Amino acid sequence: MPNCEEAIYSNDYFDFIVEKQFLDELDGEGYCIQMLDENYGAVYYQMSDNDVEVQMRNYSYGVIPKCFGLLNNVALEDSGIMRVRDQPNLALTGQGVLMGFIDTDFDYTNPLFCHTDGTTRVERIWNQEDRSGMPPQGFLYGSEYTREQIDEELLANRNIITAKIPYADGHGTFLAALAAGSEDLGNRFSGAAPECDIAFVQLKSAKQYLKDFYFIPDETPVFQENDIMAGIRYLNMLAIQLRKPLSLCIALGTNMGNRGGRSPIAHSLTEISNRRQRCVAIAAGNEADKRHHFLGGITGPDAQERVEISVSEGVNGFIAEMWALAPELYEVIIISPTGERFRAIPSALGSHSEYKFIFEGTFVTVDYLLTGSANSNELIYIRFQKPIAGVWVINVFARNYINGTYHVWLPMSEMISGEVYFLRSNPDTTITVPSDAEVPITVAGYNSVDGSIYFESGRGFTVTNSIKPDIAAPAVDIYGPVGDGKYETRSGTSVAAAVAAGAGALMLEWTGVRRNDIAATTANIKNYFIRGAVRDNSRVYPNKEWGWGQLDLYKTFENFRNV
């Protein structure tokens, strides 16, 4: 048996996300298993001499972990949060609620995460990158630190629990402070729920073999789907142990993965959202203006359509994922900038084709897959390795025509070494995975200064036409701490998600701690937010930019009154 802790960190082991029903069929030798939730486990399997890289033809699409990036680039008054805190008979501050974060660096020594007597408000830290301590019970890796250990470090004036890491940019600290930071009168700052308890999962970096497979630049901070899912499970188990409501903030996303809320991580987030006294807020992503989504519309069974992709100099490679809802089926021809053509003929289910273009030297692989446990939608997975600069064309035609609709997505900008975009892009259906999960609260961003939607904020609806995003919160030039006592302004839907998660913590205090609605789930809290949302009479709701409108927690409580 391998050393399981070493397998989790080693680049010589594959990571796979496997449904529990198939875990039971494994023979028990040569691999390690880390359960991620009730339905999925991570399998760590040693590479062989003949199998040292992931290839789609050898492994199912769904088992390969996706890589998630940060959604970067407090308006508590605009969200109605301060009015709720200042209302004498409400005076909600998050007392008795656990606020959970799964992110990057976290400056737990910042006074914003301490009580007035200097003791910590942080209940637990699970540092997945740190191998010096003991992992949490039920997990095989990382180091867990308790409130008592954190207080000891604060008393000794040390900061070794979350040591500096290469991708540290204050992202985790910033979001935790927005949602849960204490008041800092000197800097005129307060988090949304300043008296809640805090639990933080500091993610480990994605393995190099996965970054290579997805062509992600070395300097880009990305994190594996299975590690995020383990963090979700950890925070839920901790809330159960402490017997506290949990508000969870997810500010990570990707353009890759099964859409319509069908990815493994979306399943995990939906499962926890359905539990009582849980609130999950997810950032909608910042992809609306990036030209990374193409909406296909073939007009008939004999028609074709050209999907044109502009590729700049210096791009090492990129992936295009083309999705079509069952029972539609498509076929593609890849055309290089010089006109060379490669027809990828699907000879059978799960067929794999590859071709090296003669003049360009570009290597392209095309995999035809039927994926998804519910409807077996078609995925055409196209991988371009060392593409020359110019316009590449995916010529699409139908094999089984129904309505001619399909979608193609390119990776997020940070996950490509150069500029890659569609010449005829579509800004809709640009929310990132896992913000397409059905039950959690998907949060768009807006500019509270002029009342406009944040131009980067991911748009809905989902591929299955579910209403997403659900709500919008402030996301532009928001002031907060980044570590070392410094403050700055940042923009992005991650900021909006933190504000909404903070509002969720206040709702959990009212519903759970004060026992006004002890059976409340994320769906209940989302409906409370929707009923209290501010809507512009000039718009039709729900819509693809704002969802049901702007978050206004005070108006939510006004709707509870009998007047």
Side-chain angles (χ1 to χ4, degrees), residues 5 8-9 15 34 36 42 65 67-72 98-110 112-114 120-154 158-181 197-207 220-239 246-253 265 268 283 480-484 494 497-498 501:
E5 182 192 28
I8 290 171
Y9 291 97
D15 294 26
Q34 169 65 69
L36 303 176
C67 287
F68 289 70
L70 306 175
L71 301 180
N72 266 339
L98 184 67
M99 181 84 75
F101 302 89
I102 303 171
D103 216 276
T104 61
D105 50 315
F106 176 53
D107 181 12
Y108 68 95
T109 67
N110 193 308
L112 291 171
F113 308 122
C114 296
T120 189
R121 291 174 47 220
V122 181
E123 190 66 54
R124 295 282 196 284
I125 295 173
W126 178 24
N127 187 337
Q128 294 182 350
E129 196 84 74
D130 181 6
R131 303 177 64 179
S132 65
M134 292 295 295
Q137 184 175 358
F139 296 87
L140 299 170
Y141 63 111
S143 300
E144 181 185 42
Y145 297 94
T146 65
R147 178 188 290 270
E148 292 73 23
Q149 290 172 303
I150 296 168
D151 274 334
E152 288 178 9
E153 293 300 322
L154 293 175
R158 295 183 294 185
N159 184 6
I160 64 172
I161 291 175
T162 55
K164 294 295 182 182
I165 46 181
Y167 51 77
D169 68 344
H171 187 268
T173 298
F174 193 90
L175 299 186
L178 288 183
D197 295 319
I198 300 167
F200 200 97
V201 177
Q202 182 172 314
L203 292 165
K204 72 177 184 66
S205 300
K207 289 185 177 181
T220 300
V222 290
F223 313 94
Q224 291 181 203
E225 185 175 10
N226 50 305
D227 291 324
I228 303 170
M229 291 172 68
I232 296 167
R233 177 177 180 239
Y234 169 78
L235 292 172
N236 184 60
M237 290 172 61
L238 179 61
L246 172 66
S247 181
L248 178 59
C249 177
I250 302 291
L252 301 155
I265 189 172
S268 284
V482 294
D484 298 326
S494 58

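Predicted, not measured: the structure shown is a model, and the values here were computed from it.
C67 and V222 make their closest contact through CB-CB, 4.2 Å (heavy atoms, listed as atom of the first residue, atom of the second, distance). Of all non-hydrogen atoms in H171 and D105, the two that sit nearest each other are N-OD1, 3.8 Å. Of all non-hydrogen atoms in A283 and A251, the two that sit nearest each other are CB-CA, 4.2 Å. Among all heavy-atom pairs drawn from G100 and L246, the shortest one is N-CD1, 3.8 Å. I250 and A497 get closest at one heavy-atom pair: O-CB, 4.2 Å. Nearest heavy-atom pair, S143 versus S132, reported as atom, atom and distance to 0.1 Å: OG-N, 3.5 Å.
Under the 3.5 Å distance criterion, the side-chain polar atoms of E225 are left unmatched by any main-chain donor or acceptor of F68. Judged purely by atom type and a 3.5 angstrom limit, D107 has no side-chain atom pairing as donor or acceptor with the backbone of G170.
The aromatic rings of Y234 and W126 lie tilted to each other, with the angle between the two planes from 30° to 60°.
For the pair E153 and Y145, the minimum side-chain heavy-atom distance is 4.5 Å or more. Side-chain atoms of L248 and N236, non-hydrogen and from C-beta on, never get closer than 4.5 Å to each other. A 4.5 Å side-chain heavy-atom check between R233 and L36 finds every atom pair outside the cut-off. The shortest distance between side-chain heavy atoms of Y108 and I198 does not fall below 4.5 Å. Counting heavy atoms from C-beta on, the side chains of F223 and I102 never come closer than 4.5 Å.
Aromatic ring centres of F113 and F106: separated by under 6.0 Å.
Applying the side-chain hydrogen bond (donor to acceptor under 3.5 Å, both in side chains) criterion to Q128, with sequence neighbours excluded, gives no partner residue. Checked against salt bridge (charged side-chain N to carboxylate O under 4.0 Å, His left out), R147 has the following partners two or more places apart in sequence or in another chain: E123, D197. With sequence neighbours left out, N110 forms a side-chain hydrogen bond (donor to acceptor under 3.5 Å, both in side chains) with no residue at all. Under the rule for a side-chain hydrogen bond (donor to acceptor under 3.5 Å, both in side chains), Q137 has no partner lying at least two apart in sequence or in another chain. Annotation: ring-ring contact (aromatic ring centres under 6.0 Å, His included) contacts of F101 (sequence neighbours excluded): none.
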| request: Start with the C-alpha distance between Q34 and N226, add both sets of side-chain angles, then the distance that settles side-chain hydrogen bond (donor to acceptor under 3.5 Å, both in side chains), and finish with yes or no. | output: CA-CA 9 Å; Q34 169 65 69; N226 50 305; over 6 Å; no
| field | Working for side chain to side chain contact (heavy atoms under 4.5 Å, CB included), residues L154 and T109 | value | CA-CA 7 Å; L154 293 175; T109 67; 4.0 Å; yes
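Residue pairs meeting the salt bridge (Lys or Arg N to Asp or Glu O under 4.0 Å) criterion with at least one member in residues 131-144, sequence neighbours excluded: E5-R131, E6-R131, R124-E144.
V201 pairs in a side chain to side chain contact (heavy atoms under 4.5 Å, CB included) with only one of the listed residues (L238, I125, L235), which is L235.
To the nearest 0.5 Å, the span separating CG on D15 from CG on D227 amounts to 7.0 Å. The distance from the CG atom of D103 to the SG atom of C249 is 7.5 Å, given to the nearest 0.5 Å.
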